[in-house]
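Computed from a prediction, not measured in an experiment: that's the story for all the values here.
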Amino acid sequence: MREHNLRKEFGFNDLLLILEKERTAIIEANFSAIKSFNAEKSRLLDTMSPDDMSEAELGVLKLNLQRNQELLMSVQRGLADAKGFIKNIRASAKLRTYGATGFIRVID
């Protein structure tokens, strides 16, 4: 029983550490690091059972997982906005003039 509790405690603490590292990587836009944490999180979650954790531990994990998920969604929205902004800049940067026929002509 003691061995099981130690394994659970280390798994819980290791998972919290990885979630904190993931948070830092998200904030720093270190996308390669973010991807590398997925396998380790899965491995640790596979060794843990919600039945072995207290409500407080489950709450802490849930908060950390939700925080990181919200950060990732914010990053995704920010990247989509930046892509749209760049697209608009490129579209408006083209020189438009009227041709001999009176129609607008775009010059690249």
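The 12-atom threshold is exceeded at NZ of Lys41, counting heavy atoms of other residues, nucleotides or ligands nearer than 6.0 Å. Dense packing is recorded around CD of Gln66, with more than 12 heavy atoms of other residues, nucleotides or ligands lying under 6.0 Å away.
For Arg105, there are no salt bridge (charged side-chain N to carboxylate O under 4.0 Å, His left out) partners two or more places apart in sequence or in a different chain. Under the salt bridge (charged side-chain N to carboxylate O under 4.0 Å, His left out) criterion, Glu40 pairs with Arg43, not counting sequence neighbours.
Residue Leu17 holds its CG atom at 11.0 Å from CG of Asn64, rounded to the nearest 0.5 Å. To the nearest 0.5 angstrom, Gln76 atom CD is 11.0 Å from Asp81 atom CG. The distance from the OG1 atom of Thr24 to the CD1 atom of Ile34 is 10.5 Å, given to the nearest 0.5 Å. One finds the CG atom of Leu61 at 5.0 Å from the CG atom of Leu15 (value rounded to the nearest 0.5 Å). Rounding to the nearest 0.5 angstrom, the gap separating the CD atom in Gln69 from the CD1 atom in Ile26 is 8.5 Å.
Side-chain contact check for Ser32 and Asn30: at least one donor-acceptor pair (N or O, by modelled atom type) lies under 3.5 Å.
In this structure, the side chains of Arg67 and Glu22 stay at 4.5 Å or more apart for every pair of heavy atoms.
When the side chains of ILVMFWY residues are joined at heavy-atom separations under 4.5 Å, either directly or via intervening members, Leu65 and Val75 end up in two distinct hydrophobic clusters. Following chains of ILVMFWY side-chain contacts shorter than 4.5 Å, one can reach Leu72 starting from Phe31, so the two form part of one hydrophobic cluster. Cluster membership for Leu58 and Phe12, using ILVMFWY side-chain heavy atoms within less than 4.5 angstrom, is shared. Linking Ile, Leu, Val, Met, Phe, Trp and Tyr whenever their side-chain heavy atoms come within less than 4.5 Å puts Met53 and Leu45 in one cluster.
Minimum interatomic distance between Arg23 and Leu71 (heavy atoms only, all atoms of both residues): CG-CD1, 3.8 Å.
Summarising the hydrophobic clusters (Ile, Leu, Val, Met, Phe, Trp, Tyr; side-chain heavy atoms under 4.5 Å, direct or chained), the residues clustered with Ile104 are Tyr98.
Comment: Glu55 does not engage Lys62 in a salt bridge, judged by the lack of any side-chain N to carboxylate O separation of less than 4.0 angstrom.
Put simply, the side chain of Asn68 gets close to the backbone of Leu19: a donor and an acceptor are under 3.5 Å apart.
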